[in-house]
Amino acid sequence: MKTLNDIHALYDKKVLMRVDFNVPFYESGNIADDSRIRAHLPTIEYLIKAGAKVALISHLGNPEQSLQPVAERLSFLLKDAVTFIGDCLSDHTFATMDDLGEGCVVLLENTRAYPEEKANDMAFSKKLAEGFDIYINDAFATAHRKHASTYGVAECIEKKCAGLLMQTEVETLSRVLKAPKEPFLVMIGGAKVSSKLGVLKSLVQKADTMLIGGAMANTFLKAMGVDIRESMYEDDMLEEALKVVQLANEHNCKFILPSDATVAEKLEKDISTENPNVNDIPENMLILDIGKHTQAVWAEMVKDASTVLWNGPCGVFEVEPFHLGTKAVAQAVAKSHAFTIIGGGDTLHAAELFHVKNDIDYVSTGGGSLLEFLEGKELPALEVLK
Ligand code: ADP
Ligand code: 3PG
Ligand code: MG
């Protein structure tokens, strides 16, 4: 993959840089979390310093939503005005950049306003690319998408490379996958086995220990004959779950499920809970979090590891008191002397909620892209930068 070290002349060059500004918003329209914006600052500042004329391009999940509030937040973070251009195909982009001069930054509008973006349409990609000297992709979180702004456009511009965020993500994650300092412990949680099957299969071949939390643990427990009563699980994943366990055994990975659980009659805030062993879940009860014993045992394991990768909450952390398991493991990861890595939308949300984010060694910006990278899949946006 080409990096900024391979691009020598940036002064006065028109640079199109793909970023991932797909940030969460409050209903009021304010930005709920600007981590993804801040993650791109090193590359943007590098380009400003080099005297490039920078046009930033991104999507927002909702095609009708505008990136205008992001331009305002970015101006604040850069302590420098960022001009918002109301269209990603505007005729005025270059005139505006020429007026502003070297070291300027403009932000183009949400690419998904055009259906051609997701279709990776060639004519649209050509229009996006037209007039730019260099293409930089810094959007690791969108690297699993083969869209016009992540793929097609890169085929239309000869000079291209990864930005600093993209480079750091790829280098850090590759290092952990190739030669993790051992013992390597992976903790995977969240709702569904199906959304993380590939990554489970890949990581049991690499990790020394795999801890499984969240509703996905229910599917594994059920597959192994445990009566999980009314708990959420995936009926069509029982066989796959057993295959994952078998693969773990074949690769000497200790595959560990919760031994006790926090259960309740329904998912409701402040409802009364019990803490049975997983083999004694009372009738009509739901598993909504890992139990106290599991929390303590897992915290010890995390403490003894040298590399810890965590993705996916251990319980319904959004609803108290089912946040306690995720909080306990989040605090254990934060305290660990291991090299710690976390990623995933809900995982980052939990890390923020429990004030541990600053104590994690590496916080990936990727969600879906992180899972695909860890699975060992080739990401289209990286492939096209080679
Ligand atoms: P991430 O975004 O970090 O990859 P996921 O999207 O896979 O995480 O999973 C997060 C979701 O899983 C949360 O909304 C959480 O409430 C849910 N979840 C975790 N444990 C349970 C459980 N025992 N029962 C129901 N939902 C659960
Ligand atoms: C994300 O939020 O995971 C990335 O921005 C990709 O967004 P998408 O799933 O809408 O393509
Ligand atoms: Mg999620």
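In listed order, ligands and their atoms are each counted from 1. Values reported hereafter were calculated over all heavy atoms of this structure, with side chains retained and with hydrogens, waters and symmetry mates removed.
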For ligand 1, would you mind listing the residues that have at least one heavy atom less than 4.0 Å away, ordered by chain and number?
Gly190, Ala191, Lys196, Gly214, Ala215, Met232, Ile287, Leu288, Asn311, Gly312, Pro313, Gly315, Val316, Glu318, Gly344, Gly345, Asp346, Thr347
Centroid-to-centroid, Phe220 to Tyr233, below 6.0 Å?
no
Do His144 and Phe373 make the cut of ring centroids closer than 6.0 angstrom?
no
For Lys303, salt bridge (Lys or Arg N to Asp or Glu O under 4.0 Å) partners two or more places apart
Glu300
Show me, by chain and number, every protein residue that has a heavy-atom distance under 4.0 Å to ligand 2.
Asp20, Asn22, Arg36, His59, Arg112, Ala141, Arg145
Taking the ring of Phe124 and the ring of Tyr114, is the distance between their centroids below 6.0 Å?
yes
Lys127 bridged to Glu116 by N-O distance under 4.0 Å:
no
Short N-O contact, Lys49 and Glu102, less than 4.0 angstrom
no
Six-ring centre of Tyr151, Arg18 cation under 6.0 angstrom, axis tolerance 45°
no
Thinking salt bridges, do Lys335 and Asp359 make one under a 4.0 Å N-O criterion?
no
Less than 6.0 angstrom separating the ring centers of His40 and Phe21, yes or no?
yes
Identify whether the distance between the nearest side-chain nitrogen and carboxylate oxygen of Lys53 and Asp98 falls below 4.0 Å.
yes
Checking Lys357 against Ser35: is there a side-chain donor and acceptor pair closer than 3.5 Å?
yes
Report the protein N/O/S neighbours of the Mg ion (ligand 3) that fall below 2.8 Å; do not count waters.
Asp346 OD2
Which value, rounded to the nearest 0.5 Å, describes the distance between Lys2 atom NZ and Lys386 atom NZ?
12.0 Å
Using a strict 4.0 Å threshold on nitrogen-to-oxygen distance, state whether Arg73 and Asp34 make a salt bridge.
yes
